Amino acid sequence: MKPTEIRDFLSQSVIGQEESLRYVSVAIFKHLQGEKYGNLLLIGNSGTGKTTIMRGIESLYSSIEEFHEHRVVLIMNASTFATEDGAVDTTRLHARLEERARQVLGEGATAEEIGRAMERATVCLDEIDKVSGIVGGKPYVTGINIQQALLTLIEGERVLHRMTVMNGKVAEEASVWIDTGKMLFLCAGAFETLYDQVFQRVISPKSGIKLPTTTVYDNGKITIREYFTLRHHFRPEDLFEYGMQPQFLSRFDNAVILEDLTAQTLVKIFTAPANGVLQTSQNFFRNYGIELSVTEGAAQKIADEASRASRIGARALKSVYGKIIKPYEFDPFGQPEVQPNGDGHKLVIDEALVAASLKPAI
């Protein structure tokens, strides 16, 4: 598959992150070709799609038969490497990869097959921002040590991995060499204070940066407003100040900033995905024989409300929609909006119902 085809596949589940998907698609293409470099650092607020991208990669490998040797995808928290006494244990990665490889390959896999699957793995390390070398303005030694250990793994380290395999009905000890440099590493984090950090740098009188402006029409009035976006003003050295080590960051091809989700994008996320908020809710009500529908105006109003909580991204959709739908989930036939419809019933969520549900209590 070409990078454009990989992007098209991932776009089926990841909505509103076109630029980020281009980077990810190229990284996957390089990985499938056996190239060493292609590792990415994904930066984005909660709910912008970091985990969805990781799940999309897993689905890609599972759906395409020619990628069967790359189907080991491991998603783990970066802080998992820290032990209770503050030390760093990278063998936890190898143990999790072996476990995942056995799940993919099934019983009877040989040590060589397991080792080969581990080497071709895609490792997704979430909450990488939580291993910053600075916490509360003070050095965080454990975070620094984890970064140092990870940069060695990402750069490439030959590790002798021991495991137990079955030879018929007999358990045998076996050892295989694993080259971690053949793995694809995608590290992701919210980097929550990075936005404010970069904003303060940009608006400083010493920066010499002039924020761009946009024209806003509001109730017949025209207003010119300055606006700031992290992705347009971010510099790699901003991550040094955040607490990420230069040597660690140098192991990544790119640091990619995911876009905040607009109301228009949130409408698509709400209505389109098969496992999204709306279709999941529709499946729930079908168990009652109720056909649920949401009008375009209502969907837009839900998305508009969710977009106000930009720091939690698409997760805000569940919160907003929950306020509207919970009474109907609890007692659907006790609600006047649930009407007979042929052999069953129907429930239409319209703009007026959304407005009434979201109206602040007096």
Side-chain angles (χ1 to χ4, degrees), residues 20 23-24 27 37-51 53-54 73-97 99-100 121-157 159 178 180-181 183-201 230-231 233-258 311-313 315:
S20 298
Y23 281 102
V24 172
Y37 298 102
N39 305 306
L40 294 177
L41 177 63
L42 304 178
I43 301 171
N45 286 332
S46 176
T48 50
K50 299 184 296 296
T51 302
I53 289 173
M54 297 172 184
V73 177
L74 178 65
I75 302 174
M76 63 185 296
N77 194 305
S79 60
T80 303
F81 292 102
T83 62
E84 293 182 359
D85 58 1
V88 177
D89 182 8
T90 57
T91 62
R92 294 180 176 184
L93 172 66
H94 308 141
R96 292 281 300 278
L97 285 172
E99 178 185 353
R100 185 73 186 107
T122 296
V123 180
C124 304
L125 299 178
D126 203 2
E127 296 195 359
I128 196 69
D129 52 318
K130 300 302 189 293
V131 298
S132 165
I134 300 174
V135 175
K138 298 179 180 180
Y140 177 48
V141 177
T142 300
I144 295 172
N145 290 339
I146 292 176
Q147 289 184 50
Q148 291 291 331
L150 287 178
L151 72 85
T152 302
L153 288 174
I154 295 172
E155 177 65 21
E157 180 181 37
V159 179
I178 305 296
T180 63
M183 300 174 187
L184 173 62
F185 285 85
L186 298 180
C187 296
F191 291 88
E192 294 176 355
T193 62
L194 185 64
Y195 183 99
D196 295 331
Q197 174 192 318
V198 176
F199 179 72
Q200 292 301 322
R201 172 177 61 76
L230 177 61
R231 59 194 298 266
H233 296 281
F234 167 79
R235 300 185 310 203
E237 50 265 38
D238 291 321
L239 289 173
F240 303 163
E241 183 178 344
Y242 186 90
M244 309 309 289
Q245 301 293 302
Q247 302 93 327
F248 175 69
L249 295 174
S250 69
R251 298 312 192 264
F252 298 93
D253 270 18
N254 295 99
V256 182
I257 297 180
L258 279 70
R311 290 299 178 94
I312 60 173
R315 290 188 175 91

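Just so it is clear, the model here is predicted, and its values are computed rather than measured.
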(request) Give the intermediate values and the outcome of side chain to side chain contact (heavy atoms under 4.5 Å, CB included) for residues E99 and L74. (result) CA-CA 10 Å; E99 178 185 353; L74 178 65; over 6 Å; no

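- Contact annotation: the side chain of T193 approaches that of Y242 to within less than 4.5 Å [non-hydrogen atoms, C-beta and beyond].
- Checked by atom type and distance alone, the side chain of T180 pairs as donor or acceptor with a backbone atom of E157 at under 3.5 Å.
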(message) Working note: L194 + F234, criterion side chain to side chain contact (heavy atoms under 4.5 Å, CB included); need CA distance, chi angles, decisive distance, verdict.
(response) CA-CA 9 Å; L194 185 64; F234 167 79; 4.2 Å; yes

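- The closest side-chain heavy-atom distance from I128 to F248 is below 4.5 Å.
- A 4.5 Å side-chain heavy-atom check between L153 and T90 finds at least one atom pair inside the cut-off.
- R201 contributes a side-chain N or O that, together with a main-chain N or O of H233, makes up a donor-acceptor pair within less than 3.5 Å.
- A 4.5 Å side-chain heavy-atom check between I312 and N45 finds every atom pair outside the cut-off.
- Rounding to the nearest 0.5 Å places CZ of F81 at 8.0 Å from CD1 of I146.
- The shortest distance between side-chain heavy atoms of M76 and L125 falls below 4.5 Å.
- In this structure, N39 and D253 have side chains that are not in contact, with every pair of non-hydrogen atoms separated by 4.5 Å or more.
- Within the 4.5 Å cutoff, no side-chain heavy atoms of Q148 are placed close to those of V88.
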(request) Evaluate side chain to side chain contact (heavy atoms under 4.5 Å, CB included) for C187 paired with F252, printing each intermediate quantity in order. (result) CA-CA 9 Å; C187 296; F252 298 93; 3.6 Å; yes

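- Remark: side-chain polar atoms of R251 are not paired, donor with acceptor, to backbone N or O of T152 under 3.5 angstrom.
- Within the 3.5 Å criterion, the main-chain N or O of L258 finds no donor-acceptor partner in the side chain of K50.
- The backbone N or O of E241 sits nowhere less than 3.5 Å from a side-chain atom of Q197 that would complete a donor-acceptor pair.
- For the pair L41 and V256, the minimum side-chain heavy-atom distance is 4.5 Å or more.
- Ring-centre distance between F191 and Y195: not below the 6.0 Å cut-off.
- D126 places no side-chain N or O within donor-acceptor distance of the main-chain N or O of N77, the cut-off being under 3.5 Å.
- The two residues G133 and I144 have their closest heavy-atom pair at CA-CG1, 3.6 Å.
- Put simply, the side chain of Q245 never gets that close to the backbone of Q147: no donor and acceptor are under 3.5 Å apart.
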